[in-house]
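Structure first, commentary second.
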Amino acid sequence: MSFQPVILWTDALIWLLVLICGGFAWHIARTPALRASWRKVLARPMGMSSLAVLGVFVLVGLADSLHYRERLDNGQLDVEVKSLLDRALVPFTARNERTYSAPLATHAQSRETVQRPDGSTVRETPRLQFGGAHLADPQQDWLGDVMARTLKGLALGLAASLLFAVLLAVPLKRLWRCGFAAALVRLWRPQEGDIAWKSLLLTVSMLLLTCGAVASLAGGYHVFGTDKVGQDVLYQSLKSIRTGLVIGTLTTLVTLPAAIGLGLLAGYFRGWVDDFIQYVYTTLNSIPWVLLVAAAVLIVQVFIEQNEASFSSVAERADVRLLALCVIIGLTGWTGLARLLRAETLKLRELDYVTAARAFGVSGPRILARHILPNVQHLILITVVMDFSGLVLAEAILSYVGVGVDPVMNSWGNMINAARMELAREPIVWWPLLAAFSFMFALVLAANLFADVVQDAFDPRTAARGGKA
Amino acid sequence: MIRYILRRLLYAIPILIGVNLITFFLFFVVNTPDNMARIHLGVKHVTPEAIEQWKAEHGYDKPLFHNPEQHGIRAVTETLFVDRSIKLFSFDFGKADDGRDIARDIKTRMWPSLAIALPVFVIGIMVNITAALLMIFYRGTRLEYAGVAGLIALMSISSLFYIIAGQYFIAKLWQWLPISGFGGGIDGFKFILLPVLVSVAAGIGSGARWYRTIFIEEIGKDYVRTARAKGLSELRVLFRHVLKNGMIPILTGAVVVLPLLFTGSLVTESFFGIPGLGSYTIDAIRAQDFAIVQSMVFLGSALYILGLLLTDLSYTLVDPRVKLT
C-alpha cells in the first residue's frame, strides 16, 4: 500500500517546535547554571512525575502530527487525511456502532424496533456490532470477560514496567559505574544528588498499567462508550490531545517574538518607543479577551467560507482554522509577558554590568541580546509553562462560545459542547463528558504541577527563600 | 488629585480610539457589510438588490471612511466609521440588526449581570482569603502541602465542569435549587444562589493560591519578625499584621475588575439562562450581530480603563506612601 505524506500547517510548526526544544536542550546541557536549575526540577518527585505524564501526552500528540493520504486501489488518493495515530488506532476507527452505547456495554443505550426472523417486531436494546460481540451470553459472561481482560492488561502493563526499569538501568549502569543490580537498587533508593528516578519509575508504571488494562479491554469493548454517531469516545479523546497541545504550545510560539521583542525594546530604550509600545498593549489589553478572539474568529470563519475551494480536504480546512485560532489568541495574549519583560528590563538596564557594557561602546541590540535577554529567560520560561494549562482550558470555553476549533475537529471543547444535549437525554449520556474532562484534567494538572516546580526552581525569589515557596 | 484624574481620563481617549479602530477594522474592513448582508440573508436570497436593501435597512449603506457624494466635513462624517464608531463615544450604541435599541438593552440587562457578579466577587474574595490564611497558619505541615496540591487540582478543572456538575447534582439530581432562570425580588434569590456558588467554587483554586503567595511574601518581612519578637501569638500576627498588609495588593488587584462586574460572565450567564450582558454578548456572537458585539467591546474597554484608573486611586487610599503626580 502506498501513501503520500501530507504536511499540515500545524504539523510543520509542531516539528519546528520540537527542533527548537531540541536546540534548547542542547543549550541547557552546555550551560552549567541552567543544568543545575533543571536538575532541581527533576530532583523533585512532583516535577519528574508531571514531566513523565506530559511526555506521554506529547508522544501521542506527535504521533498524531504525522499525516498522510492513502493511495486507493484505483490509483487515486483517499480524500481522508490520516495520521500515524489513526493507523495505530485502526481497531477504534473501524468498529463503529450505530449510536450511543455506555462504557463497556454489550447492548445499545436506547430501545429500537427490531424485526424478528419470524416477521414480528419487538422493542429492545439491540446487541452492539462490536462491543462484547464475542460473548455468547452477555448476561452471564460479561463480568468474567471484563475481569479477565483487565487482569491480562494489568499483567502486560506490569511486564512493560519491569522492562522499562531494566532499559533504564542499562545506560545508568555505565553512568554510575556500578553493576546492573546495583543500578536497579539505586533507581529505587536514590543517592545524594540523584534525580527522582523512583517517581519516574512509579509514574511510568502507573501509566503502563492503565494503558495495558485499557488497551486489553478495548480489544473487545468500547472502554469509554460511543457517541451519537457511534464513534468510540476513547478514540476521540486521544485525537483531542493533539488539538489541546497545539493550542497550548503554538499559541506561545506565536506570542514569544512579539512579547520578547517589544517588552525588551520598551524597557531598554524608554522614551517614545516605550510610550508607543505601552499604548499598543494597553489598547489590546483593554478589549475584553473573549470578545476580541470571538470577533477575529468570526472574521476568519467568513474568510474560510469564502475560500472553501482552495482547501483540498476537510482536515486542511480545520487545520487552517486551528492555526488561525492560535495566531489570534497569541496576538491578543502577548501583553502580559511583554509588560513583565519591560519592567524587568527597566531594572536590569541600570545595573553595573549593563552600564559597563554601554561605556565600552557595545551597541544597543547587542546589549539586549547578550546581557539582558539571558537574564530574563527564566521569566520567559515560567510564563510559557504557566500559560500552557490556561490555554488548554481556554479552548474548551471558546469552543463552547462557538468560536473555538472547527466543529469537525476532535477537541475536548467540542466534546463538552456536545455533552450539554446528552446530559438532558433520558437515560443520561455521561461518558463523553467524563472522558473529555478526565483527559483534560490529566493534561492540565500535569502541566500545572510542572509549572509550579519550574517556578520554584527558576524564580530567584523563591530560590533565595530556600527552594520551596 | 483632580488634575491627575483629568489627565488619566484624557489619556483614555487615544486608547478608546485605538480600540475602535481595531474593532472597526475587524468588523467592517475585513468583513465588509456586503458579507454581513449575505450571511444574514442566507444563501438562497442573495441578490444585489436584496443586499442593498438589507444594508439600507440596517444602516450599513454608507462608505467606510470617505463619502465622495458629500462635500466638506460631511464627506467624512457621513461614513460608516463615524456612524458605527465615533458615536459610541457619546454612548450612542445605535440599533441591533433585529432593530432593538442596544443602549436600552444594556441598561436593562446590566442589573441581572451585577446580581450574579457582585456576590461572586465579594464572597469569592472572602473565601479565598480564608483559605489562604488557613494554609499560612498551617504552613510547613502536611496539611498545607495537601492544601496546595488540592488548590492546583481545583484550578486544573475546567470551569465548564463546575457549572455542568453543579447543575446536574444540585439542580437536577437533588433538586435543591432551580437549574436555570432568573427572577426579580426575594423570589429571585434562589436563582442567583447556584450560579454564585458554582462561580465561587471555580475561582478558589487560582484565587487562594495567588493570595497565599502574597501572604507568604508578607510573612517573610521584618515587621512580622518584630511582631513575633514582642511576643504576639501567631494568630494575632496573622490577623493584625499579615492580613492587613496583604490586603493592599489583594484589594488593589481586585479593583481593576470592579467596573467589569457590570458586563457579567459570558459562560455562567448563558449556562444558567440569566438575562444579563454576558448572555446578551454570547447570543450576539452566535447570531453574528456585529452591532451588539462592537458595542460590548467598546463598553468593556471603557470599563477596563476606568478600572485601571480606580486601581491607581485605590493605591493612594490604602497606602499613604504612594503619591500620584
Side-chain angles (χ1 to χ4, degrees), chain A residues 46 279-280 282-292 294-303 305-306 389-390 392-397 399-403 412-413 416-417 419-420 423-424 428 430 433 436-437 440-449 451-452 461-462 464-465 468-469, chain B residues 11-12 14-19 21-23 26-27 30-31 35-36 38-39 148-149 152-153 155-161 164-165 167-168 172 205-206 209 212-213 216-217 220 260 263 266-267 270-271 281-282 284-286 288 290 293-294 296-305 307-308:
Chain A
M46 202 69 100
Y279 168 72
V280 171
T282 316
T283 307
L284 271 180
N285 236 358
S286 62
I287 303 179
W289 183 78
V290 180
L291 291 185
L292 188 57
V297 169
L298 285 181
I299 300 335
V300 170
Q301 221 169 312
V302 172
F303 177 80
E305 271 163 27
Q306 279 171 355
S389 52
V392 177
L393 289 176
E395 185 269 330
I397 303 271
S399 292
Y400 169 74
V401 178
V403 293
W412 295 316
I416 294 171
N417 205 4
R420 286 196 77 196
L423 282 180
I428 177 175
W430 46 268
L433 183 72
F437 276 134
M440 206 154 94
F441 179 66
L443 176 61
V444 174
L445 182 63
N448 273 336
L449 291 174
D452 198 51
R461 281 190 306 177
T462 54
R465 280 202 303 268
K468 181 77 188 82
Chain B
Y11 184 63
I15 292 179
L16 282 175
I17 291 180
V19 168
L21 274 175
I22 293 174
T23 47
L26 279 176
F27 287 140
V30 184
N31 184 35
N35 267 332
M36 284 158 58
R38 263 186 222 117
I39 293 168
V148 174
I152 294 182
M155 65 185 271
S156 303
I157 300 172
S158 168
S159 56
L160 296 175
F161 183 77
I164 294 176
Q167 276 191 330
Y168 181 72
K172 202 175 164 193
S206 52
R209 191 159 169 253
R212 177 179 159 269
T213 38
I216 283 209
E217 204 123 295
L260 284 170
T263 57
L266 296 183
V267 179
S270 85
F271 260 101
T281 317
I282 273 207
I285 291 174
R286 290 196 171 142
Q288 309 215 337
F290 289 101
V293 178
Q294 199 192 1
M296 291 309 296
V297 169
F298 182 82
L299 190 67
S301 312
L303 290 175
Y304 174 79
I305 294 169
L308 287 183

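The chains referred to below are lettered A, B, ... by the order of the sequence lines, with proteins before strands, and numbering in each begins at 1. Quick caveat, the model's predicted, so the values are computed rather than measured.
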Apply side-chain contact (heavy atoms from CB on, under 4.5 Å) to B:Val19 and A:Ser286, showing your working. CA-CA 8 Å; B:Val19 168; A:Ser286 62; 3.5 Å; yes
Derivation of the side-chain contact (heavy atoms from CB on, under 4.5 Å) call for B:Leu266 and B:Met296: CA-CA 12 Å; B:Leu266 296 183; B:Met296 291 309 296; over 6 Å; no
Among the listed options B:Ile164, B:Val293, B:Thr263, the residue most often paired with chain A at heavy-atom distances under 4.5 Å: B:Ile164
Report the option among B:Gln167, B:Met155, B:Gln294 that has the most heavy-atom pairs separated by less than 4.5 Å from atoms of chain A. B:Met155
For chain B, find which of [options] contributes the most heavy-atom pairs closer than 4.5 angstrom.
options                      : value
A:Ile397, A:Val290, A:Leu284 : A:Ile397
A:Val297, A:Asn285, A:Leu292 : A:Asn285
A:Leu393, A:Val280, A:Asn448 : A:Asn448

A:Val392 versus chain B, heavy atoms under 4.5 Å apart: side chain, backbone, both or neither? neither
With a 4.5 angstrom heavy-atom cut-off, is it the side chain or the backbone of A:Leu443 that approaches chain B, or both, or neither? neither
Looking at residues at least two apart in the chain, or sitting in another chain, which of them share a ring pair (Phe, Tyr, Trp, His ring centres under 6.0 Å) with A:Phe441? none
Please find the pair of heavy atoms, one from B:Leu260 and one from B:Gly300, that lie closest to each other, and give the distance. CD2-O, 3.6 Å
Which atom names give the shortest non-hydrogen contact between B:Leu16 and B:Ser301, and what distance separates them? CD2-CB, 4.1 Å
Over 60° means perpendicular and under 30° means parallel, so classify the ring planes of B:Phe271 and A:Tyr400, tilted if in between. parallel
No-hydrogen, no-angle side-chain donor-acceptor test under 3.5 Å, A:Asn417 and A:Ser399: no
Portion of [X] that has a non-hydrogen atom of chain A nearer than 4.5 angstrom:
X        : answer
B:Leu160 : both
B:Leu299 : neither
B:Phe161 : both
B:Ile22  : side chain
B:Ser158 : both

Going through the checks in order, is the side-chain contact (heavy atoms from CB on, under 4.5 Å) test met by A:Phe437 and A:Ile416? CA-CA 8 Å; A:Phe437 276 134; A:Ile416 294 171; 3.4 Å; yes
